[in-house]
Amino acid sequence: MLSRLIYHSENHLGAVGGKMIADLNKIMDASNKNNERDGITGALIFDTLWFVQILEGDREKISATLRRLMADNRHDAVTIVDCREITERRFGNWWMGLAMLRGNTDEIYARHGIGPRLDPRKLTGEQVVAVALELAQGGLNRRLAEAA
Ligand code: FAD
């Protein structure tokens with residue numbers, strides 16, 4: 001059953017810098033490896049306070065991923081935003097794409113009625129998907145590689 005899970009959590013990676021980027025790269029490496037194996041696609045949005053993640057795929061695989069995630073001390077307070085069956089993937093090209101919430105994101109937030117600072121506790125699942133798609137389109141996902 002094709003499903004989509006969206007959650008937010010508190011980021012425990014610390015201040016933006018070399019170690020944070022290295023930690024994030026480790027998370028992305030493990031995510032891409034496992035998600036490709038499990039047929040999970042999606043996006044991970046983050047800033048210094050928050051992670052917001054979209055996971056699309058078989059619901060058993062998503063649940064297994066969620067169980068691993070919940071035991072990971074690099075974040076905390078995992079909170080489900082939305083979970084539903086879907087008919088098609090929106091992030092079919094990304095095992096786990098990364099959209100960084102910094103830099104020139106104000107306009108994107110404003111278009112989605114968010115801001116000035118992201119607070120995922122106030123977002124619906126559809127808003128998360130719309131913002132992630134737009135951040136991805138803008139190429140913000142490439143900044144991590146450039147910054148590393
Ligand atoms: P391993 O091969 O055991 O580890 C992968 C790498 O991560 C290793 O370098 C290991 O040292 C390091 N690592 C693992 N756990 C920790 C830790 N607690 N602290 C520091 N370093 C650690 N996993 C997915 O499979 N799919 C996802 O979409 C996904 N999204 C994530 C989103 C967030 C916000 C976070 C924090 C983690 C996410 N993870 C995801 C990672 C997940 O929590 C597990 O760490 C991972 O799934 C373990 O996979 P593995 O057993 O193959 O990793």
Side-chain angles (χ1 to χ4, degrees), residues 1-103 105 108-109 112 114 117-148:
M1 188 81 66
L2 187 63
S3 302
R4 185 189 74 196
L5 173 74
I6 302 174
Y7 74 84
H8 63 70
S9 61
E10 291 173 13
N11 182 343
H12 286 190
L13 293 185
V16 175
K19 180 169 182 322
M20 189 275 274
I21 299 281
D23 286 345
L24 206 43
N25 277 326
K26 273 194 203 164
I27 291 172
M28 295 309 286
D29 287 348
S31 300
N32 281 307
K33 177 191 72 174
N34 294 337
N35 293 359
E36 180 172 9
R37 175 195 67 205
D38 296 339
I40 290 177
T41 52
L44 178 65
I45 302 171
F46 82 100
D47 73 359
T48 51
L49 296 180
W50 300 104
F51 287 111
V52 190
Q53 189 169 24
I54 302 164
L55 295 165
E56 304 169 325
D58 177 79
R59 70 180 173 201
E60 305 285 335
K61 301 288 189 191
I62 290 179
S63 300
T65 303
L66 184 63
R67 288 194 288 275
R68 290 198 307 275
L69 280 165
M70 295 207 42
D72 192 324
N73 59 7
R74 292 171 289 189
H75 67 163
D76 196 8
V78 171
T79 303
I80 305 296
V81 175
D82 186 58
C83 184
R84 64 177 65 191
E85 288 165 19
I86 52 174
T87 53
E88 60 181 358
R89 295 173 191 258
R90 305 293 298 279
F91 299 88
N93 296 329
W94 282 4
W95 302 120
M96 187 46 56
L98 184 72
M100 277 181 90
L101 292 184
R102 67 172 197 187
T105 52
I108 294 176
Y109 288 171
H112 295 280
I114 303 164
R117 169 114 207 173
L118 176 89
D119 184 348
R121 293 170 299 188
K122 296 182 179 156
L123 298 184
T124 65
E126 287 312 314
Q127 279 176 308
V128 172
V129 170
V131 170
L133 284 170
E134 196 164 342
L135 288 169
Q137 253 175 16
L140 293 182
N141 56 314
R142 284 198 294 271
R143 283 199 183 163
L144 184 72
E146 287 163 14

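One-based numbering along the sequence shown. Just so it is clear, the values below take in all heavy atoms, side chains as well, and ignore hydrogens, waters and symmetry mates. Both ligands and their constituent atoms are indexed starting at 1 by order of listing.
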With heavy atoms only and a cut-off of under 4.0 Å, state how Asn11 meets ligand 1: side chain, backbone, both or neither.
->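 Under 4.0 Å from ligand 1, Asn11 contributes no heavy atoms.
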
Mode of Thr65 contact toward ligand 1 - side chain, backbone, both, neither (heavy atoms, under 4.0 Å) =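 Side chain only.
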
For atom 26 (N) of ligand 1, which candidate among Asn34, Asn35, Leu13, Asn32 holds the nearest heavy atom?
->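 Shortest heavy-atom distance from atom 26 (N) of ligand 1: Asn35.
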
So which of Ser31, Gly42, Ala22 gets nearest to atom 23 (N) of ligand 1, if we judge by its closest heavy atom?
->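 The nearest heavy atom belongs to Ser31.
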
Ion pair present between Glu10 and Arg121, side-chain N to carboxylate O less than 4.0 angstrom?
->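 No, Glu10 and Arg121 are not salt-bridged.
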
Got a salt bridge between Lys33 and Asp29, using NZ or NE/NH1/NH2 to carboxylate O under 4.0 Å?
-> no

Heavy atom of the protein closest to [atom] (residue, atom name, distance):
atom                    : answer
atom 21 (N) of ligand 1 : Arg74 NH1, 3.4 Å
atom 44 (C) of ligand 1 : Asp72 OD2, 3.9 Å
atom 2 (O) of ligand 1  : Lys33 NZ, 3.3 Å
atom 39 (N) of ligand 1 : Leu69 CD2, 3.6 Å

For atom 4 (O) of ligand 1, is the nearest protein heavy atom closer than 4.0 Å?
->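 Given the 4.0 Å cut-off, atom 4 (O) of ligand 1 does not count as touching protein heavy atoms.
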
Heavy-atom protein neighbour under 4.0 angstrom from atom 41 (C) of ligand 1 | yes

Test item: Asn11 side-chain N/O and Asp47 main-chain N/O as donor-acceptor pair under 3.5 Å |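 Side chain of Asn11 to backbone of Asp47: a pair is present.
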
Do the side chains of Asn34 and Arg68 get nearer than 4.5 Å, heavy atoms only?
-> yes

Any side-chain heavy-atom pair of Tyr7 and Leu69 under 4.5 Å = yes

Taking all non-hydrogen atoms of both residues into account, name the closest pair between Asp82 and Gly125 and its distance.
-> CB-CA, 4.2 Å

Run the contact test for Trp50 against ligand 1 with a 4.0 Å cut-off on heavy atoms, strictly below, and give the result.
->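 It does not; every heavy atom stays at 4.0 Å or beyond.
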
State if Leu55 counts as touching ligand 1 under the rule of any non-hydrogen atom under 4.0 Å.
->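 Contact present.
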
Quick one: does Tyr7 get an N or O within less than 3.5 Å of an N or O on ligand 1?
-> no

